[in-house]
Undergrad: 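Questions regarding the structure given below will be posed in turn.
Just so you know, residue 1 is the first one in the sequence shown, and it goes up from there.
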Amino acid sequence: MAKESLKVLTESMFYVLLSLLREERCGAEIVQYVDDTTAGRVPLGPGTLYTILAKFQEEGLIRETAVEGRRRTYVITERGRALFRRELSRLKLCIADGEREETR
């Protein structure tokens with residue numbers, strides 16, 4: 001059976017891509033960005049982060065730009081940007097549906 005590529009992102013995945021939209025970052029910088037952006041609401045431990053980064057590299061959503069010792073730096077690819085935009089649109093539709101239903 002062929003492996004299916006990502007169609008829907010988890011919250012952690014969404015924020016990892018968000019962290020790379022404007023600049024390349026290493027793992028520690030990604031964790032700090034997500035923590036700052038979400039005020040700690042989305043915890044991103046090393047196991048979760050490096051699983052996501054490996055999956056994203058495998059899917060061609062990010063690529064490594066530098067390796068200095070154990071520090072690896074990543075940048076989002078055009079494919080990653082496209083997936084991020086699709087997910088953002090999907091989430092906006094979910095919010096609109098929820099708000100519409102709530103006001104009925």
Side-chain angles (χ1 to χ4, degrees):
M1 178 189 243
K3 188 177 76 172
E4 192 172 316
S5 62
L6 294 170
K7 292 188 191 265
V8 176
L9 299 177
T10 66
E11 191 172 27
S12 296
M13 290 175 163
F14 177 85
Y15 280 103
V16 168
L17 286 182
L18 177 65
S19 76
L20 296 171
L21 283 179
R22 295 185 191 229
E23 64 185 79
E24 55 187 57
R25 298 178 195 267
C26 71
E29 293 168 331
I30 292 169
V31 169
Q32 188 64 56
Y33 177 90
V34 172
D35 188 58
D36 291 348
T37 301
T38 67
R41 182 178 49 82
V42 178
L44 197 56
T48 301
L49 174 66
Y50 291 105
T51 299
I52 290 170
L53 291 174
K55 176 72 172 168
F56 283 178
Q57 280 187 281
E58 182 182 310
E59 295 286 331
L61 304 175
I62 64 171
R63 66 179 171 77
E64 216 172 63
T65 58
V67 178
E68 298 169 26
R70 292 180 52 180
R71 179 184 168 111
R72 297 174 181 275
T73 304
Y74 304 91
V75 66
I76 193 169
T77 64
E78 283 307 313
R79 184 174 178 174
R81 285 181 188 281
L83 178 60
F84 177 82
R85 285 191 298 271
R86 282 193 308 272
E87 182 66 7
L88 187 58
S89 294
R90 185 189 73 78
L91 292 170
K92 286 178 180 179
L93 289 171
C94 288
I95 290 168
D97 292 343
E99 288 175 341
R100 187 174 47 254
E101 189 63 29
E102 188 176 55
T103 59
R104 284 187 178 177

Undergrad: Atom CD of Glu58 and atom CG of Leu53: how far apart are they, to the nearest 0.5 Å?
TA: 12.5 Å

Undergrad: I need the Tyr50 OH to Gln57 CD distance, nearest 0.5 Å.
TA: 11.0 Å

Undergrad: Examine the side chains of Thr73 and Glu24 and answer whether a donor and an acceptor come within less than 3.5 Å of each other.
TA: no

Undergrad: Compare every heavy atom of Ser12 with every heavy atom of Pro43, then report the nearest pair and how far apart it is.
TA: O-OG, 4.2 Å

Undergrad: Go through the steps for Phe84 and Leu20 under the test side chain to side chain contact (heavy atoms under 4.5 Å, CB included), then give the verdict.
TA: CA-CA 10 Å; Phe84 177 82; Leu20 296 171; over 6 Å; no

Undergrad: Only one of Thr77, Leu88, Leu9 passes side-chain contact (heavy atoms from CB on, under 4.5 Å) with Leu83; say which it is.
TA: Leu9

Undergrad: Count I, L, V, M, F, W, Y as connected when their side-chain heavy atoms are under 4.5 Å apart, and connections chain through other members. Are Leu93 and Leu18 then in the same cluster?
TA: no

Undergrad: Given Ile52 and Leu49, is the side chain to side chain contact (heavy atoms under 4.5 Å, CB included) satisfied, shown in steps?
TA: CA-CA 5 Å; Ile52 290 170; Leu49 174 66; 5.5 Å; no

Undergrad: Closer than 3.5 angstrom, by distance alone: can the side chain of Arg25 be matched with the main-chain N or O of Ser19 as a donor-acceptor pair?
TA: yes

Undergrad: When you measure from the side chain of Arg79 to the backbone N and O of Glu59, does any donor-acceptor pair fall under 3.5 Å?
TA: yes

Undergrad: Nearest 0.5 Å, please: how far is CD in Gln32 from SG in Cys26?
TA: 10.5 Å

Undergrad: With a 4.5 Å cut-off on side-chain heavy atoms, are Phe14 and Val42 touching?
TA: no

Undergrad: Is there a path from Tyr74 to Val67 through hydrophobic residues (I, L, V, M, F, W, Y) whose side chains come within less than 4.5 Å of each other?
TA: no

Undergrad: Tell me which pairs pass salt bridge (Lys or Arg N to Asp or Glu O under 4.0 Å) where either residue lies in residues 41-50, with sequence neighbours left out.
TA: Glu11-Arg41

Undergrad: One pair to check against side chain to side chain contact (heavy atoms under 4.5 Å, CB included): Leu44 and Asp35. What are the steps and the verdict?
TA: CA-CA 8 Å; Leu44 197 56; Asp35 188 58; over 6 Å; no

Undergrad: Can you tell me how far OG1 of Thr10 sits from CD of Glu87, rounded to the nearest 0.5 angstrom?
TA: 9.0 Å

Undergrad: Taking the side chain from Thr51 and the backbone from Gly47, do they hold a donor-acceptor pair closer than 3.5 Å?
TA: yes

Undergrad: To the nearest 0.5 Å, what is the distance between CG (Leu61) and CE (Met13)?
TA: 9.0 Å

Undergrad: I'd like to check the ring pair (Phe, Tyr, Trp, His ring centres under 6.0 Å) partners of Tyr15; sequence neighbours left out, ordered by chain and number.
TA: none

Undergrad: To the nearest 0.5 angstrom, please state how far the CZ atom of Arg81 sits from the CG atom of Leu17.
TA: 10.0 Å

Undergrad: What do the steps show when you test Val75 against Ile62 for side chain to side chain contact (heavy atoms under 4.5 Å, CB included), and what is the final call?
TA: CA-CA 5 Å; Val75 66; Ile62 64 171; over 6 Å; no

Undergrad: Answer yes or no: is there an ion pair linking Glu29 with Arg71, defined by an N-O contact shorter than 4.0 Å?
TA: yes

Undergrad: Answer yes or no: is there a donor N or O on one side and an acceptor on the other, between the side chain of Thr37 and the main chain of Val34, under 3.5 Å?
TA: no

